[in-house]
Structure formats: structure tokens, C-alpha cells
Amino acid sequence: MKLEEAVREVRGLDQKAMEEAKIRWDHVAKPLNSLGLLEEAVIRIAGIQESAAVCLDHKAAAVFCGDNGIVEEGVTQTGQEVTAVVAENFSRGQSCVCIMAEQAGAKVIPVDMGICKPLSCYGNPVGPSGKNGENSLPAGIKYPVVNCRIMDGTRNFLKGPAMEREQAAAAVEAGIRMAGQIKELGYHILATGEMGIGNTTTSSAVIAALLEKDPREVTGRGAGLDSEGLKRKIQVIRRGLALHDPDPQDGLDVLSKVGGLDLAGMAGAFIGGALYRIPMVIDGVISAAAALAAVTICPAAAGYMLASHVSREPAHQMVLDRLGLTPVIHGQMCLGEGTGAVALFPLLDMAAAVYGRMRTFQDIQIEEYRPLS
């Protein structure tokens, strides 16, 4: 499906289902609104799923991977080859998000949007049962990497746009299709994650452009830059924005000029989540940058997003404020990969269990709490 068509077909949340979910919460035998943001999340999920019978049985984390040409400018501590190494680790279930997802009862779906080095572990995404449409997985492979490659990494955006507009659109459309495929597999909620050396630089550039902020306000140390490295990173972003002058009203323009393939694919997944009615959990600042780009392209997608946590990166809270979202977790996490988003899953499971199984005041024949005036 083409991007313009997908955006046109996105519908709003089911208000009737949300009203029914709110009524259910109000009748549950506990103080009103006492689970706070978790109650709000369940109500929003009801509106997304178009049913007050909220179901979160099958959970997944889609991790979008891509390399970024801007690493040539010395904005990272590690080399570009690390992206491929970590992606291979995803396929074996050996990364942080894989271990955390397993504890949370979720599967991981790594997606290659444009890693410089082609991988040896491509395959179909794993479904909730652990199968991926084949009789068996290759030895040592737990989560095959889905091949959605657009190009072998982006270009250095100080030497030209990171990618052509058509390539950015293709990456967004691949993300939309990925969300549709995940829905078809039977997943009920999706965490978003990423992997790509240099993507705190691209995400900071995207955020600076979309929020019309000076790069100094929105750029952090990423994976541990020293003060000189941070200064260099800010100057690189500032030069890139001055060179390309991306349009803050055009998310695709921003992604193509100073963004990354992982960001574009993830932005597409957010739009696809809205199209296919999947609750989409935002991870850290990179995931939030993609969410902001998605909402710039498709404003209605904001209703389908849940904020998992707020990280130490300075722009994260700014982006969540722009999206009108409040994070549940304040854990100072900044790992990426979707780890913060996956950390929300157990909390949502607990909230959904109370929502679905707790007896009502009528059941126990006690007068209900009344809203305070």
C-alpha cells in the first residue's frame, strides 16, 4: 500500500469502546483511577482494538536496523560494523531486548532496513507460537531478521541528503507493511525498537528539525560521548540542518534529508499500527523521533501510541510533550533496542488482569466510590 493511501485510511479510536472501558474501571472494586496511567492505557487500547474486552495475550517487539553514513563525521564511539553484529545477536536471541522480551512473554522481530553488511540470518518473522511459517528454524536462529533492505545504509548528510525522498517513502511503506504482517501473525500489541550506530545523531537531527529547536537543546551523549564528542555531534547536526533546510511540516522531507532507514521504517510501523489498529509502544528518544515523524505525516497515528518511559536524553520529554503522551516509567534507561518499551509489557499485563478479572462493587455488595467534586 502506498503511503498516501495508508494515511487516508487511518481512522480514529473507537469512542464507544473507550467509554465502556472507563465504565468498567469505575465499577472495579478499588478506589477510582487508582492505577493512574495504567487505567488510561487500557482505555486507549480498548479504543484501538475497538472492543472493551482488551486482549494483550500476544506481544512483540519490532526492532528496525540500519546504518548511517553520518558516522564518518566521528559522532560515535564505535564503528559501523557493530550494527550488523548486534542484528545477528537479535537473531540468536542474545541481545538485551531479547532477554527482556522473553521475561515479558514477548517475541522479537528484527528488521533489516539497510545495514551496510548483508546478514546470514534472514527469514520470516516469528509468530506468537514461536514458528515463522517454516517447519523449523536454522540451527542457532531464534528470531530470523526480516529483509526489508532499501539500500546499504544512508549517506553522510553533510555530503548530501541521507537518502532520496523516494527511498525514504519506500522505507516508510516497508514499515507499514511490517505492521500489517505483525497483525496478521496474531500479535495484539507492538513495542518499537531500533539498532543503528549513529542513530542518536540522526534522531536528534530529526527532532531538531521537527520541533524547530537548536541542536544543542535536543542532542545528548548517546552511547557515551565525552564533552568534545558531544560538541562535535551538535556541530554536525547544525551544519546538516543548515545545508538541507528540511521542512518541519513534512516528515518525509526531514527523514530523507537528515534521518535514517531505521527511523523511516519505524515511522512507517507507527502509521501501520494506526492503519491496522495495533497499540504501538514508544521506546526511547530514537523511537520517539520516529513517532514524531509519523505523526507529522499522519496526525491520527498519535492516538495509537503509548509512551513506555522517559530516558536521560534531553529531547525525549520534549517529544512526548509534543505528542501529548505521558510516560509510565521513569527509570533513566537509555539502552534502546526497544528495551524500555518491552519493560512496559508486564505492567500492562497486570493492569489488564485487574481490569478483566477484578470483582466489581456490585459483586461484593459494597457502595461504589463516587468522583470528588
Side-chain angles (χ1 to χ4, degrees), residues 33 35-45 59 61-64 96-97 100-101 103-104 106 189-196 199-225 230 233-234 237 259 262-263 266-267 269-270 273 279-296 301-351:
N33 308 313
L35 288 180
L37 294 174
L38 295 177
E39 292 190 32
E40 293 180 20
V42 170
I43 293 169
R44 180 173 291 218
I45 292 168
K59 299 175 282 292
V63 186
F64 293 84
C96 291
V97 72
M100 292 176 67
Q103 290 297 310
I189 188 168
L190 181 63
T192 55
E194 41 59 43
M195 178 58 212
N199 62 8
T200 61
T201 300
T202 56
S203 59
S204 294
V206 166
I207 292 168
L210 293 175
L211 295 184
E212 299 182 79
K213 298 281 188 180
D214 185 273
R216 185 179 298 279
E217 299 179 65
V218 298
T219 305
R221 296 180 184 273
L225 287 177
L230 176 59
K233 182 177 179 181
I234 292 168
I237 295 170
D262 53 348
L263 292 175
M266 196 164 21
F270 282 117
M280 302 293 293
V281 184
I282 300 171
D283 183 36
V285 69
I286 300 166
S287 176
L292 183 61
V295 169
T296 306
Y304 292 79
M305 299 175 183
L306 301 170
S308 60
H309 76 112
V310 60
S311 72
R312 293 198 299 261
E313 287 288 313
H316 197 178
Q317 186 64 59
M318 295 182 200
V319 176
L320 295 180
D321 288 344
R322 174 64 67 88
L323 294 173
L325 298 173
T326 304
V328 175
I329 301 169
H330 290 69
Q332 297 188 10
M333 294 179 285
C334 55
L335 175 61
E337 297 183 11
T339 50
V342 166
L344 182 63
F345 282 163
L347 294 174
L348 292 177
D349 280 341
M350 287 186 275

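Note that the NE2 atom of H309 and the NE2 atom of H330 stand 10.5 Å from one another [nearest 0.5 Å]. From E313, atom CD reaches atom OG of S203 across 7.0 Å, with rounding to the nearest 0.5 Å. How far CE of M266 is from CG of N199: 7.5 Å, rounded to the nearest 0.5 Å. For the atom pair CG (L335) and CE (M333), the distance works out to 9.0 Å, reported to the nearest 0.5 Å. Atom CG of L37 sits about 11.0 Å away from atom CD1 of I43, to the nearest 0.5 Å. The CD1 atom of I207 lies 8.5 Å from the OG1 atom of T219; values are rounded to the nearest 0.5 Å.
Distance alone, capped at 3.5 Å, places no donor-acceptor pair between the D283 side chain and the G193 backbone. The backbone N or O of V281 lies less than 3.5 Å from no partner atom in the side chain of S308, so there is not a single donor-acceptor pair. Within the 3.5 Å criterion, the main-chain N or O of V310 finds no donor-acceptor partner in the side chain of H316. At distances below 3.5 Å, not a single donor-acceptor pair connects side-chain atoms of D262 with backbone N or O atoms of E194. A donor-acceptor contact shorter than 3.5 Å is absent between the side chain of E217 and the backbone of K213.
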Output, in order, the C-alpha distance, side-chain angles, deciding distance and verdict of side-chain contact (heavy atoms from CB on, under 4.5 Å) for V328 and L347.
CA-CA 9 Å; V328 175; L347 294 174; 4.0 Å; yes
Take V97 and M195 through the side-chain contact (heavy atoms from CB on, under 4.5 Å) test and state the conclusion after the steps.
CA-CA 11 Å; V97 72; M195 178 58 212; over 6 Å; no
Using the side-chain contact (heavy atoms from CB on, under 4.5 Å) rule, take L211 and L292 through it: C-alpha gap first, then chi angles, then the decisive distance, then the call.
CA-CA 9 Å; L211 295 184; L292 183 61; 3.9 Å; yes
Please walk me through it: do L263 and T202 pass side-chain contact (heavy atoms from CB on, under 4.5 Å)?
CA-CA 8 Å; L263 292 175; T202 56; 3.7 Å; yes
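The two atoms that bring M280 and F270 nearest to each other are CB-CD2, 3.8 Å, heavy atoms only. Taking both residues in full, the closest heavy atoms of D349 and K59 are given as OD2-NZ, 3.1 Å, listed atom of the first, atom of the second, then distance. Across every non-hydrogen atom of V206 and A289, the tightest pair is CG1-O, 4.2 Å. Residues M305 and V295 approach most closely at CE-CG2, 3.5 Å, considering heavy atoms. Nearest heavy-atom pair, M100 versus A343, reported as atom, atom and distance to 0.1 Å: CE-CB, 4.2 Å. Of all heavy-atom pairs spanning I45 and P279, the tightest one is CG2-CG, 3.9 Å.
Contact check for T200 versus I286: side-chain heavy atoms found under the 4.5 Å cut-off. For the pair V218/P314, no side-chain contact is recorded, criterion being any heavy-atom separation below 4.5 Å from C-beta on.
A donor atom on one side chain and an acceptor atom on the other are not found under 3.5 Å apart for S204 and K233.
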